[in-house]
There are 2 protein chains.
Amino acid sequence: MENVTIRMLAERLQLSTATISKALSNSHEISEETKQRVLALATELNYVPNPYASSLRKKSSHTIAVVIPEVADSFFAEAINGIESVAQEKGYHVLIYLTHESFGKEQAILKDFQSGRVDGVLISVTTETAAAAHGLAQLVKEIPVVFFDRVCEEVTAARVTTDDANAAYNATAHLIAGGCRNIGLLSASRHLSISNRRAEGFRQALADHQLPLTDTSILYCSNEPAETRQLLKTALQQNHYDGLIATTEKLATAVYLACEELSLAIPGDVQVIGFSNLSTARFLQPSLTTVSQPAFDMGHAAATVLFKALKSSSFPLQEQQQVIPSSLIIRNSTKAL
Amino acid sequence: MENVTIRMLAERLQLSTATISKALSNSHEISEETKQRVLALATELNYVPNPYASSLRKKSSHTIAVVIPEVADSFFAEAINGIESVAQEKGYHVLIYLTHESFGKEQAILKDFQSGRVDGVLISVTTETAAAAHGLAQLVKEIPVVFFDRVCEEVTAARVTTDDANAAYNATAHLIAGGCRNIGLLSASRHLSISNRRAEGFRQALADHQLPLTDTSILYCSNEPAETRQLLKTALQQNHYDGLIATTEKLATAVYLACEELSLAIPGDVQVIGFSNLSTARFLQPSLTTVSQPAFDMGHAAATVLFKALKSSSFPLQEQQQVIPSSLIIRNSTKAL
DNA sequence: TTTATTTACTTAACCGATTAAGTAACACGG
DNA sequence: CCGTGTTACTTAATCGGTTAAGTAAATAAA
């Protein structure tokens with residue numbers, strides 16, 4: 001059995017394809033009676049319109065893209081959840097692209113979007129994404145783009161972020177209140193604006209508490225788990241941190257692993273705070289004090305603002321800047337309070 | 001600046017659109033010199049072909065769909081990872097659909113696939129998906145479909161699963177070896193074949209060890225976290241289980257939560273095994289004994305077999321049945337060994 | 001030399017839906 | 001009775017590639 005097309009419906013009903021098309025889109029040009037007949041036959045034959053024919057003609061795909069570094073991270077997983085909930089409600093389709101923290105892959109993916117494959121893009125950039133991200137600046141001019149979490153500050157575009165500097169400041173202050181004097185910030189990237197803002201909050205907190213910022217205070221980690229693990233172990237042995245802030249979920253578990261391997265007690269030897277959305281954080285040994293980002297809400301917010309732009313081209317998308325607060329959830333990997 | 005089309009290239013080079021099209025696809029009908037000129041202009045003008053025009057004509061979308069219950073679960077997240085790695089390598093695009101365990105949503109999603117939107121489907125069905133899943137049987141006839149993990153046994157189709165019955169048998173035997181005599185199996189669904197196969201392994205293990213199977217041995221949980229939580233607490237208080245097998249990741253954390261609230265010690269009062277891929281399982285308090293599924297590999301295998309079918313229509317996709325073993329990782333939430 | 005074949009194109013139909021423009025039939029006001 | 005609208009359609013162009021079929025020129029084979 002062939003695929004049912006509008007033309008087949010037209011022939012069966014002795015009508016033109018135009019009439020069928022209009023009837024199915026409930027046009028006022030078509031009589032009620034004809035609409036009924038068309039609809040009846042369409043359901044009888046199980047007609048499903050070809051989305052690509054429609055996309056080609058209407059120049060809109062009813063599809064959005066989500067571009068993220070990885071999916072096996074509870075932040076991104078929950079963010080997708082939030083995005084998908086909005087997309088499903090609006091009847092849009094969601095394409096997923098994983099960059100695996102590779103700027104090259106990211107660029108290739110973004111270039112493809114110039115084809116009109118998607119009506120809009122939600123993106124959280126890679127740790128490698130450089131300041132002069134030319135592809136991004138270009139893309140933003142062509143189709144609606146919303147950055148979430150990992151934004152690119154050099155590009156003027158809609159953004160949904162958390163209060164990174166604040167969060168890092170509070171986390172740092174919390175460690176200091178717990179007695180830490182030699183705190184290390186584990187950063188995922190030198191380029192990432194969220195990393196830099198977190199570092200900024202960290203520095204500010206140290207300064208406000210008259211603690212020195214040394215060149216071992218901020219530790220730049222790798223995307224390679226094995227490398228990061230080695231780096232961490234070496235750093236922990238050499239620098240004798242009494243507090244660590246892991247700015248990504250993967251880094252938080254890496255810290256637990258390294259401490260276990262070095263027989264360092266948490267929080268006895270090192271107090272730990274992780275930027276993480278792990279639902280199991282409270283069941284960890286010890287339970288992990290976290291900076292929890294509202295991942296679902298951020299995805300939801302980013303998608304919502306994107307759809308506003310898709311609905312109305314006059315919507316000032318690029319001016320949209322939402323900051324959704326994250327919260328410090330104090331557990332047993334830190335001592336204060 | 002308008003979008004660059006093949007026609008624009010044709011006009012600039014005083015060639016027909018056919019020549020451009022063939023040159024870009026490296027057809028033997030076109031001279032090397034012309035190919036060079038076309039390619040040069042294409043890159044100069046940053047030509048990106050319209051995928052929908054091509055899809056419409058070629059009746060292939062270079063897109064696959066992944067249909068899963070949820071994404072905020074490390075099994076599914078890692079499976080997506082595996083799928084995406086194959087798709088990216090093959091230059092395919094990946095559409096994600098979340099059913100949120102709703103059979104209705106699943107059906108609506110599947111129906112859309114009759115439109116030719118995707119060339120193939122990878123699916124893990126919902127807990128509600130009934131035996132007579134008519135939509136599925138239909139879909140399998142129309143386009144290549146591969147079930148992974150949560151298969152639909154009534155439908156003849158390619159499958160990538162783990163050895164569920166074995167895994168459950170081993171988990172049960174492990175608990176029995178640790179002294180458990182009143183084990184509860186927390187199941188996510190009555191319909192799901194993986195649930196039933198796990199239950200089967202569970203029953204067999206009980207039988208082989210002369211332990212009774214009572215009507216409280218298998219506890220069917222809800223998709224609602226709140227409901228499940230209440231159900232669990234009630235059951236734990238009434239039935240005095242000394243061992244629990246949580247057959248999903250969410251259920252595993254629910255058990256930890258319930259035990260905490262009821263002040264039940266793990267493994268002192270209740271020993272716990274979870275079907276889970278949580279990277280933090282080893283850091284939980286106590287560390288969780290898990291049945292770990294090779295999620296990435298399963299996604300990878302499912303995608304690989306799907307692409308074989310997409311490449312060659314004579315490939316006997318429906319006969320493909322892969323069972324990838326899961327492993328019991330013994331930690332401190334159980335006593336044996 | 002003539003015919004066959006190859007090379008390097010062009011022409012035009014096509015995929016399936018959408019939509020601007022056109023038309024026939026009928027109603028209605030003046 | 002004429003002109004103006006309205007209703008309910010149809011015709012045909014269009015979106016941007018792809019491809020079967022055709023062609024003119026060059027080359028090879030007979």
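Side-chain atoms are counted along with the backbone in the values below, which use heavy atoms only and exclude waters and symmetry mates. We name chains A, B, ... by the order of the sequence lines, and we start the count at 1 in each one.
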### Rounded distance (Å) that lies between atom P of D:dA20 and atom NZ of B:Lys58
12 Å

#### Entry: Interatomic distance where CG belongs to A:Asn50 and P belongs to D:dT14 [whole Å]
21 Å

### Query
Could you give the NE2-to-C1' distance, from A:His62 to D:dC15, as a whole number of Å?
17 Å

### Query
Counting N and O atoms only, with roles assigned by atom type, does the side chain of B:Ser312 sit under 3.5 Å from a partner on the main chain of B:Ala309, one being a donor and the other an acceptor?
no

### Task
Have a look at B:Ser31 and say if it touches a base, only the backbone sugar-phosphate, or nothing, with a 4.0 Å heavy-atom cut-off.
sugar-phosphate

### Task
Scan B:Ser21 against the nucleic acid and name what it touches under 4.0 Å (heavy atoms): base, sugar-phosphate only, or nothing.
base

### Message
Base, sugar-phosphate or nothing for B:Ser25? Non-hydrogen atoms, less than 4.0 Å.
### Response
nothing

### Task
Report the C-alpha distance between B:Thr126 and B:Lys105 in whole Å, list the side-chain angles of each, state the deciding distance to 0.1 Å, and finish with yes or no for side-chain contact (heavy atoms from CB on, under 4.5 Å).
CA-CA 10 Å; B:Thr126 79; B:Lys105 272 187 191 164; over 6 Å; no

### Summary
Whole-Å distance, B:Glu11 CD to D:dG16 C1', equals 13 Å

### Query
For the residue pair B:Phe307 and B:Tyr92, does the interplanar ring angle fall in the parallel (under 30°), tilted (30 to 60°) or perpendicular (over 60°) class?
perpendicular

### Query
First contact, last contact: which nucleotides of DNA chain C are these for chain B, 5' to 3', heavy-atom distance under 4.0 Å?
C:dA8 to C:dG16

### Query
Mind checking whether B:Tyr97 and B:Phe113 have ring centres under 6.0 Å apart?
yes

### Any donor-acceptor pair under 3.5 Å from B:Tyr47 side chain to B:Leu9 backbone
no

### Message
Students often get this wrong, so: under 4.0 angstrom with heavy atoms, is B:Leu15 touching a base, only sugar-phosphate, or nothing?
### Response
sugar-phosphate

### Message
Any base atoms under 4.0 Å from A:Ser55, or only sugar-phosphate, or nothing? Heavy atoms, all strands.
### Response
nothing

### Message
With nearest nucleotide decided by heavy atoms, which residue, B:Pro49 or B:Glu29, maps closer to the 5′ end of DNA chain D?
### Response
B:Pro49

### Task
Calculate the interatomic distance between A:Lys35 atom NZ and D:dT7 atom C1'; express it in whole Å.
12 Å

### Query
How close or far is atom P of D:dG16 from atom CZ of A:Arg117, stated in whole angstroms?
16 Å

### Message
Give me each pair satisfying side chain to side chain donor-acceptor pair (under 3.5 Å) with a member in residues 298-309 of chain A, each pair once, sequence neighbours excluded.
### Response
A:Ser85-A:His300

### Message
So, OP1 or OP2 of D:dT18: does either fall under 4.0 Å of a side-chain N or O from A:Tyr52?
### Response
no

### Sugar-phosphate, base or nothing in reach of B:Ser54, heavy atoms under 4.0 Å
sugar-phosphate

### Query
Within this structure, what is the NZ-to-C1' distance between B:Lys22 and D:dT19, rounded to whole angstrom?
7 Å

### Query
Contact class for A:Thr19 (heavy atom, under 4.0 Å): base, sugar-phosphate, or nothing?
base

### Query
Could you walk me through whether B:Thr129 and B:Leu136 pass the side-chain contact (heavy atoms from CB on, under 4.5 Å) check?
CA-CA 10 Å; B:Thr129 303; B:Leu136 272 169; 4.1 Å; yes

### Query
Within this structure, what is the NZ-to-P distance between A:Lys59 and D:dC15, rounded to whole angstrom?
7 Å

### Query
Can you tell if the side chain of A:Thr5 reaches within under 4.5 Å of the side chain of A:Asn50, non-hydrogen atoms only?
no

#### Entry: Given DNA chain C, 5'-ward residue of the pair B:Ala53 and B:Gln14, judged by closest heavy atom
B:Gln14

